[in-house]
Amino acid sequence: MPRHLDRDRVAIVAAVVAPLVVSAILVPFRTGFSNTNVALVLVVIVVAVAANGHRLAGALAAVSAAVWFDFFFAPPYERFTVTKPADIETAVLLLIVGLVVSQLAARVRRLRVIAITDAGYLARLHDTAELAQSAKSPDRVVEHVTAQLIDLLSLRGCRFEYGSLIGHPPRLEQDGTVVWDRKNWDVDRLGLPDREIELRTIGNGHFYGRFMLDPTPGAVPPLQARLVAVILADQVGATLDTAGNG
């Protein structure tokens, strides 16, 4: 049997079992552990499964994490019933963030060795997903992500362009690499190129625009930060797609 089939089967099992096991471990501490922190821990599990499996495994892990969060951490405990709006919102956001990350992992196999576990990065993803659910205008999400990208990648500036692509600037790809003139740019050794870099936003297969990143000379954002930037841009794409179809 091919090794990738074995790995995929293990990933499916892990997707179903791992969120349950981690949730059960955290149950004794739930009175002193905020539900937001529980959700962040479960997102780490979803990322790990998606990074080592495939799209289905990541999606199952996201669903499993949301279900067991509901069962163990949303009163009334150990029932599949949620009464507090805040807990409903957290469960939904956990599912959304998990699905977004699993979709990215399906396109970017490099995530299998670069799981995003930094609490600061996870908090950015959580805050953006939360805003995307509550914002009345997608422009608010665009503005929020613009500010996040400036801080995350140590940029001099950042702007969002709606519509068609113009020119051929360096591009931040889905796997966190930078491509310039069809060649990979060694960010870890050279830093970001000293010119605007595009980061495209795509929602449900449709192109909606791009962030134009203005790097600070000498800035070398780590691969994890670049991957988080890609996920944030994907969240904007999903928000714009929802707004366009609403």
Side-chain angles (χ1 to χ4, degrees), residues 36-37 39-52 58 93-94 96-132 141-161 169-180 183-202 209-239:
T36 297
N37 288 334
L40 291 176
V41 171
L42 291 175
V43 167
V44 172
I45 303 304
V46 175
V47 172
V49 171
N52 289 280
L93 291 173
L94 172 60
I96 291 173
V97 170
L99 290 174
V100 168
V101 172
S102 67
Q103 289 290 324
L104 179 62
R107 298 195 301 269
V108 189
R109 298 297 291 190
R110 285 187 66 182
L111 273 178
R112 66 188 179 205
V113 295
I114 201 72
I116 300 169
T117 58
D118 184 275
Y121 293 154
L122 292 171
R124 290 179 191 273
L125 298 176
H126 182 274
D127 290 347
T128 301
E130 186 174 36
L131 178 62
V141 182
V142 171
E143 292 172 2
H144 173 80
V145 170
T146 298
Q148 290 282 321
L149 292 175
I150 290 174
D151 184 49
L152 182 66
L153 302 177
S154 301
L155 305 175
R156 288 183 297 194
C158 178
R159 57 191 173 85
F160 186 76
E161 292 183 347
R171 182 171 66 252
L172 179 57
E173 298 282 12
Q174 291 286 312
D175 62 356
T177 61
V178 173
V179 174
W180 191 5
K183 297 179 181 178
N184 285 336
W185 178 267
D186 190 346
V187 177
D188 295 326
R189 185 171 64 89
L190 303 173
L192 294 173
D194 189 15
R195 62 176 60 198
E196 283 192 321
I197 302 168
E198 71 174 14
L199 172 57
R200 299 178 181 180
T201 58
I202 298 173
R210 61 184 179 178
F211 288 96
M212 298 304 295
L213 316 175
D214 184 11
T216 299
V220 187
L223 179 57
Q224 278 192 328
R226 303 194 307 266
L227 287 169
V228 172
V230 169
I231 297 174
L232 292 173
D234 280 352
Q235 182 63 65
V236 170
T239 301

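It should be emphasised that the depicted structure is a prediction, and the values quoted were computed from it without experimental measurement. Values below: all heavy atoms of this structure, side chains included; hydrogens, waters and symmetry mates excluded. The first residue in the sequence is number 1, and the count goes up from there.
Leu190 CG to Trp180 CH2: the interatomic distance, rounded to the nearest 0.5 Å, is 10.0 Å. Distance check, rounded to the nearest 0.5 Å: CG of Leu227 to CG of Asp175 gives 7.5 Å. For the atom pair Leu172 CG and Leu192 CG, the distance stands at 8.0 Å (nearest 0.5 Å).
Within the 4.5 Å cutoff, the side chain of Leu232 has heavy atoms near those of the Leu125 side chain. Contact of the Asn184 side chain with the Val178 side chain is not registered, since no non-hydrogen atoms from C-beta on lie closer than 4.5 Å. Proximity of Pro193 to Trp185: side-chain heavy atoms (C-beta onward) are separated by under 4.5 Å at one or more points.
Looking at residues two or more places apart in sequence or on another chain, you find a side-chain hydrogen bond (donor to acceptor under 3.5 Å, both in side chains) between Glu173 and Arg171. When the side-chain hydrogen bond (donor to acceptor under 3.5 Å, both in side chains) test is applied to Glu198, the partners found at least two apart in sequence or on another chain are Arg200, Arg210. Here Glu196 pairs with Arg159, Met212 under the side-chain contact (heavy atoms from CB on, under 4.5 Å) rule; sequence neighbours left out. Applying the side-chain contact (heavy atoms from CB on, under 4.5 Å) criterion to Arg156, with sequence neighbours excluded, gives Asp194, Asp214, Thr216, Pro217. Take Asp188 and apply the side-chain hydrogen bond (donor to acceptor under 3.5 Å, both in side chains) test, not counting sequence neighbours, and it matches no residue. Partners of Ala129 by side-chain contact (heavy atoms from CB on, under 4.5 Å), not counting sequence neighbours, listed by chain and number: Leu93, Val97, Gln235. Evaluation of the side-chain hydrogen bond (donor to acceptor under 3.5 Å, both in side chains) rule for His144 yields Thr128 as partners, not counting sequence neighbours. Residues forming a side-chain contact (heavy atoms from CB on, under 4.5 Å) with Val41 (at least two apart in sequence, or on another chain): Val22, Leu26, Phe33.
Across all their heavy atoms, Val228 and Leu152 have their closest contact at CG1-CD2, 3.8 Å. Taking every heavy atom of both residues into account, Ser154 and Ala219 meet most closely at O-CB, 4.1 Å. In terms of heavy atoms, Ile197 sits closest to Pro215 at CD1-CG, 3.7 Å. Contact between Gly209 and Phe160 at its shortest, heavy atoms only, is CA-CZ, 3.9 Å. Between Ala229 and Leu149, the closest heavy-atom pair is CB-CD2, 3.5 Å. Looking at every heavy atom in both residues, Ala132 comes nearest to Val141 through CA-CG2, 3.9 Å.
Using modelled atom types, no side-chain atom of Thr146 and backbone atom of Cys158 make a donor-acceptor pair closer than 3.5 Å. Arg226 places a side-chain N or O within 3.5 Å of a backbone atom of Pro221 that can act as its donor or acceptor partner.
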Practice problem: List the steps and the verdict of side-chain contact (heavy atoms from CB on, under 4.5 Å) for Val236 and Phe211. | Solution: CA-CA 10 Å; Val236 170; Phe211 288 96; 3.9 Å; yes
Self-check item: Full working for side-chain contact (heavy atoms from CB on, under 4.5 Å) between Tyr121 and Ile231
Solution: CA-CA 11 Å; Tyr121 293 154; Ile231 297 174; over 6 Å; no
